[in-house]
Amino acid sequence: MSIIQEFRLKEPLPKYRSTDALVSQLIEYITTGGFDVGNEFLSDKDLVTQTGRSRTAVRRALDVLQNEGWIRRLGGKGTYIGERLNEYRESTENDPLTRPFRTKTSRGERSLIRVAVAVSGLWGTQREIGDTWYYGEILQGIDEMAATENLVVEFLGYHGTRSESLTRRLDSHRPDVFLCIGPPMNHALLIGLAGRWDIPCVMAATRAPELGLPNIYEDSVMAARDAVAHLVELGHHRIGFLQVMSPSGWWAFDRYEGYLQGMREFQLEKHNELGLWLPLQPSKATTDMIRRYLEQQKVTAVICGSLWAVGHLTDLIRAQEIRVPQDISCIVFDQEPYVRHILGDVKPTTIQLPLKDIGMTFVKMVRSLVEHKEIPMTTALPCQFSPGESTIAYHEK
């Protein structure tokens with residue numbers, strides 16, 4: 001009878017996909033540790049103590065071993081070495097160079113990568129996700145690249161979906177990677193569960209460095225700075241900035257910071273009281289605020305930091321108190337098609353977010369996540385400036 005060796009981790013378990021790494025080490029322990037079929041194996045408690053992982057993570061690894069036949073778990077009796085060990089020994093006797101630690105369909109070695117996606121919202125309950133420009137473009141970027149990395153994408157839902165339903169879907173799918181699109185506050189429950197279940201999580205279209213997760217987002221700072229430069233080139237010096245006080249992420253502050261950088265770079269900050277911050281929802285009060293701001297600052301051009309910001313101009317444009325671009329040039333963040341309607345059927349000059357590129361960049365880093373390789377924690381992608389009809393040259397009267 002062979003002497004059964006003590007189990008020790010040969011190398012530290014990685015931060016992500018540690019279940020797969022633990023399964024591989026346990027299989028090697030079973031095949032080299034002196035076991036025979038039917039011998040008693042390590043208990044859940046033993047593995048928790050020796051690996052430092054949670055009971056949930058350990059049980060998940062043991063579930064994989066049981067499904068592949070390496071162990072048998074008998075309720076109330078213990079865990080024992082399964083018949084797979086004999087199959088392994090027979091195969092290595094026939095071909096010593098062959099060491100089939102895992103089956104072709106096992107989680108660790110399969111070439112197919114399963115990605116679960118959740119988005120922070122859908123624009124109206126009657127619209128399909130493909131009709132929502134923001135999320136649709138990101139998903140289109142993922143779709144165009146998915147085949148290159150052998151990805152299968154599963155849509156879990158959005159933050160308006162019942163939390164127990166989202167939890168059940170994530171638990172049953174157990175993807176290789178979990179992608180959250182949009183503000184993290186809307187995904188807090190799922191992010192927490194992904195961490196508990198050892199599923200790598202990536203944030204897209206938002207910047208949330210405090211979470212310690214990889215972030216892929218647009219470089220709003222440089223984009224807003226470039227918007228100021230474009231208006232200066234057109235002869236504008238009194239440049240305003242409208243932004244909403246959004247609780248949903250860093251993007252609002254990044255765009256304002258880029259505006260401030262541009263104003264300082266061209267020494268224009270002394271001519272303006274800089275930006276005007278507004279609540280998310282338009283009202284008569286906010287319309288009055290903008291009216292006073294434009295009149296007092298004598299603004300000839302304005303940068304709208306979001307769709308919601310340009311929406312505050314609706315009443316002034318409809319009442320023909322301001323005309324775009326005759327009275328005021330306007331640059332708008334985001335390529336939401338509805339902006340043209342707000343501006344009075346004027347094609348907007350826009351700072352287009354790199355949404356498809358965000359999706360493609362995510363796909364490129366997925367396999368590195370699964371293979372435990374280092375990836376950047378922050379990836380800022382450049383925006384694209386798209387000239388339209390809402391900006392014209394300004395000449396001093």
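- Note: the hydrophobic cluster containing V366 does not contain Y217 (ILVMFWY, side chain heavy atoms under 4.5 Å, direct or indirect links).
- With sequence neighbours left out, D327 forms a side chain to side chain donor-acceptor pair (under 3.5 Å) with R323.
- Not counting sequence neighbours, the partners of E6 by the side-chain contact (heavy atoms from CB on, under 4.5 Å) test are R8.
- For the pair D46 and T49, the minimum side-chain heavy-atom distance is 4.5 Å or more.
- Shortest non-hydrogen contact noted between W250 and P209 is NE1-CD, 3.7 Å.
- Counting heavy atoms from C-beta outward, L170 and L166 have side chains that stay 4.5 Å or more apart.
- Using a 4.5 Å heavy-atom threshold, the side chains of N150 and R367 count as touching.
- In terms of the ring pair (Phe, Tyr, Trp, His ring centres under 6.0 Å) criterion, residue partners of F241 (sequence neighbours excluded) are, by chain and number, Y256, Y259.
- A donor-acceptor pair under 3.5 Å links the side-chain atoms of R84 to the main chain of E68, judged by distance alone.
- The side chain to side chain donor-acceptor pair (under 3.5 Å) test applied to H236 returns T300, S329, not counting sequence neighbours.
- How far CD1 of I142 is from CD1 of I181: 5.0 Å, rounded to the nearest 0.5 Å.
- For CD of E374, the number of neighbouring non-hydrogen atoms (other residues, nucleotides, ligands) closer than 6.0 Å is 12 at most.
- Enclosure of atom CD in Q326 by more than 12 non-hydrogen atoms of other residues, nucleotides or ligands within 6.0 angstrom is indicated.
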(message) Set out, in order, the CA-CA distance, both residues' side-chain angles and the distance that settles salt bridge (Lys or Arg N to Asp or Glu O under 4.0 Å) for D288 and R291, then state yes or no.
(response) CA-CA 5 Å; D288 291 339; R291 183 185 291 114; 2.6 Å; yes
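- A search for side-chain contact (heavy atoms from CB on, under 4.5 Å) contacts involving D315 returns T287, not counting sequence neighbours.
- Of the inter-residue distances, the one linking L369 atom CG with D176 atom CG reads 10.5 Å to the nearest 0.5 angstrom.
- For the atom pair CD1 (I191) and CD1 (I199), the distance works out to 12.5 Å, reported to the nearest 0.5 Å.
- Dense packing is recorded around CZ of R264, with more than 12 heavy atoms of other residues, nucleotides or ligands lying under 6.0 Å away.
- The backbone N or O of D63 sits less than 3.5 Å from a side-chain atom of N67, completing a donor-acceptor pair.
- Sorted by first and then second residue, the side chain to side chain donor-acceptor pair (under 3.5 Å) pairs involving residues 376-389 (not counting sequence neighbours) form an empty list.
- S220 has its side chain within reach of E218: a pair of non-hydrogen atoms, C-beta onward, lies under 4.5 Å apart.
- Side-chain contact check for L242 versus S306: every heavy-atom pair is 4.5 Å or farther apart.
- Considering every non-hydrogen atom in both I375 and S368, the closest pair reads CG2-CB, 3.6 Å.
- Nearest heavy-atom pair, L307 versus D334, reported as atom, atom and distance to 0.1 Å: N-OD2, 3.8 Å.
- Atom CG in L343 sits 7.5 Å away from atom SG in C304 (nearest 0.5 Å).
- Hydrophobic cluster membership differs between L260 and M222, with clusters built from Ile, Leu, Val, Met, Phe, Trp and Tyr side chains linked at under 4.5 angstrom.
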(request) Please report the C-alpha distance between W70 and L26 in whole Å, then the side-chain angles of each, then the deciding distance to 0.1 Å, and finally whether the side chain to side chain contact (heavy atoms under 4.5 Å, CB included) criterion is met. (result) CA-CA 9 Å; W70 293 105; L26 287 174; over 6 Å; no
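- Applying the side chain to side chain donor-acceptor pair (under 3.5 Å) rule to R59 yields the partners D44; only residues at least two apart in sequence or on another chain are considered.
- The shortest non-hydrogen separation linking Y293 to G275 is OH-CA, 3.9 Å.
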(request) Give the intermediate values and the outcome of side chain to side chain contact (heavy atoms under 4.5 Å, CB included) for residues L62 and F41. (result) CA-CA 11 Å; L62 293 176; F41 190 60; 4.2 Å; yes
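- Ring geometry, Y29 versus F35: the interplanar angle exceeds 60°, so the pair is classed perpendicular (tilted spans 30 to 60°).
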(request) Test I328 against C330 for side chain to side chain contact (heavy atoms under 4.5 Å, CB included), laying out the working first. (result) CA-CA 6 Å; I328 186 170; C330 182; 5.6 Å; no
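- Scanning both residues, I113 and E149, for their nearest heavy atoms gives CD1-O, 4.1 Å.
- In this structure the side chain of T51 reaches within 4.5 angstrom of the side chain of F7, judged on heavy atoms.
- Every residue meeting the side-chain contact (heavy atoms from CB on, under 4.5 Å) condition with K77, not counting sequence neighbours, appears here in chain and number order: L74, Y80.
- Listed by chain and residue number, D345, K347, P348 satisfy the side-chain contact (heavy atoms from CB on, under 4.5 Å) test with R340 (two or more places apart in sequence, or in another chain).
- Placement of I342 and L276 within a single hydrophobic cluster is found when ILVMFWY residues are connected by side-chain heavy-atom separations under 4.5 Å, directly or transitively.
- Taking CG of D254 as the reference point, atom CZ of F333 lies at 9.5 Å (rounded to 0.5 Å).
- Grouping the Ile, Leu, Val, Met, Phe, Trp and Tyr side chains by contacts below 4.5 angstrom, directly or via other members, places L294 with V346.
- Considering all non-hydrogen atoms of both residues, M263 and V228 come closest at N-CG1, 4.1 Å.
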Under 3.5 Å, sequence neighbours excluded: what are the donor-acceptor pairs made by side chains of residues 350-360?
residue : atom : partner : partner atom : Å
K356    : NZ   : E144    : OE1          : 3.4
K356    : NZ   : E144    : OE2          : 2.9

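- Checked against F266 for a side-chain contact (heavy atoms from CB on, under 4.5 Å), the options E233, R225, H237, Q261 give a single hit: R225.
- The main-chain N or O of A208 is found under 3.5 Å from a side-chain atom of N215 such that the two form a donor-acceptor pair.
- For the pair L9 and Q50, the minimum side-chain heavy-atom distance is 4.5 Å or more.
- Taking Ile, Leu, Val, Met, Phe, Trp and Tyr as members and joining any whose side-chain heavy atoms lie under 4.5 Å apart, directly or through other members, I392 forms no hydrophobic cluster with any other residue.
- Distance CG/L190 to NE2/H187: 7.5 Å, rounded to 0.5 Å.
- Using a 4.5 Å cut-off on side-chain heavy atoms (C-beta onward), D36 and I81 make no contact.
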(request) Decide yes or no on side chain to side chain contact (heavy atoms under 4.5 Å, CB included) for F385 and D226, but give the supporting numbers first. (result) CA-CA 8 Å; F385 189 80; D226 290 345; 5.7 Å; no
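- Remark: T286 engages H312 in a side chain to side chain donor-acceptor pair (under 3.5 Å) (not counting sequence neighbours).
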